[in-house]
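Take a look at the structure below.
Below, chain A is the first sequence line, B the second, and so on; all start at residue 1. Everything numeric here is computed off the predicted structure, so don't read it as measured data.
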There are 2 protein chains.
Amino acid sequence: MSDAPYELYYWPQIQGRGELVRLALEEVGVGYVDVARQATEQGGGIDAIRRVLDDAKRGRHFAPPILVAGEITVSQTASILDFLATRHDVLLPDPASRHRALQLQLTFADFMSEVHDTHHPIATSAYYEEQKEEARKRTAAFLGTRLPKFCNYFEAVLRDNEASKRQHLVGAGFSYVDLSAFQVHSGLAYAFPKAFEAQRKSIPLLVDLRDRVAARPRVSAYLGSTRRVPFSEHGIFRHYPELDLTGGPRS
Amino acid sequence: MSDAPYELYYWPQIQGRGELVRLALEEVGVGYVDVARQATEQGGGIDAIRRVLDDAKRGRHFAPPILVAGEITVSQTASILDFLATRHDVLLPDPASRHRALQLQLTFADFMSEVHDTHHPIATSAYYEEQKEEARKRTAAFLGTRLPKFCNYFEAVLRDNEASKRQHLVGAGFSYVDLSAFQVHSGLAYAFPKAFEAQRKSIPLLVDLRDRVAARPRVSAYLGSTRRVPFSEHGIFRHYPELDLTGGPRS
């Protein structure tokens, strides 16, 4: 399909979990094709995702994002990031930190799943509007208990990481986990501006990390390009004003 | 604390996510201490988990299970299993299958999270009895759509895996992912006996895999021992008869 070393298969109109892979590929700076965002007549569109999902020769995969690197096909976001990190030092300079990075990445994955379930507590297959009352309850519990727990945890990890002078989550320098920290804290600020503002004062190191990641040359160029799909009410981080601060973080 | 090479820190009275690590350690056959199940005066109990969670020198961890191997501390179930697989060939004989195994393991993790949320759709911090009505709705969606989707996916992975003669999920032989398949399908049969019975005829290879794993000598010895915590209504797989088959799998 192209000379690019990587093909990414992910829903074309949302950031979703695939955004963590897009950010990693952008930071690496190698070419990649965001296949489903190509025109259907060029092999793109959602049908391209269905084809790779059902391809028994590629091992069958449960859900996008899916990364194809020649003969190798990898899915599940954290597995893709770990795979890319074994090939590109910029994503994880110290291989001895692999399981630490994976642990933190999986904790961000849990965090994102809980954010998703604030607007879909009953059924992923139904609309938000069909589960609004339950969403209100779940979001109150999330903002009251879980958001502060996750945020304070990652802030403590940063604070304790003296090897990086409190600048990075894993080891002495930048890693793909910092990209995920950027994405999650940008998403929280979009989805829950009031709750995030209330949380913000207790996570100064994380907010600083988010801003430093956004200023990295390749990330910054990406964020300013049309390749970055905007946040919207179709993704994981949705801004429904009626949900924001329904519970409010406990002080 | 002991001469065993591994210490596992996990809630002492439930199987939970930690059960996947217990099964792996049992299959490896090296000694391990299930620390929180030891008497408090011997350094066990829930306080032991709190101590290791908050230990900045061990890198801070978000939640159990936590595995300590000398100077190394690993958390997040899938990361622990990947770590153990790099040290013990029995858990993954072919290192080239690492990301395939990780992908399937993370898909089981997603499956288990959705099972958990059937009885806790609103707040992990509240009792089931406080969210029974929402649990009924979420379980109906889970049993109607998600359970068959996950089960049929793993059945297809087994069916396509001719390298193992359809006997194992990853590569040509046994791996830790088969242990997770055993645990998940045992748990489903416990929690949702009616729904699982209805699903059973479409997943003959998975049911056979579950039974073959249970018959492995070390697994079988473990399951017959007091080290195996029984299923209960405190874990992930809970049997609430009022939830079973509320939706029923779509044929």
Do NZ/NE/NH1/NH2 and the carboxylate oxygens of A:E134 and B:R138 come within less than 4.0 Å?
-> no
Would you mind checking if B:E129 and B:K132 are paired as a salt bridge, meaning a charged N to carboxylate O distance below 4.0 Å?
-> no
For chain A, the option from B:K149, B:Q131, B:E114 that forms the most heavy-atom pairs under 4.5 Å | B:K149
Please confirm whether A:H234 and A:Y128 have ring centers closer than 6.0 angstrom.
-> no
Is it the backbone or the side chain of B:D110 that comes under 4.5 Å from a heavy atom of chain A, or both, or neither?
-> side chain
Option that, when pairs with chain A are counted at under 4.5 Å, heavy atom only, ranks first among B:S75, B:S125, B:A123 | B:S75
Pair count under 4.5 Å, heavy atoms only, with chain A: among B:D117, B:V157, B:V74, highest is B:D117
Applying a strict 4.5 Å limit to non-hydrogen atoms, the region of B:K57 in contact with chain A is neither
Is the shortest side-chain N to carboxylate O distance from B:E19 to B:R22 below 4.0 Å?
-> yes
With a 4.5 angstrom heavy-atom cut-off, which part of B:F150 approaches chain A: side chain, backbone, both or neither?
-> both
Charged N to carboxylate O below 4.0 Å: is that the case for B:R87 and B:D82?
-> no
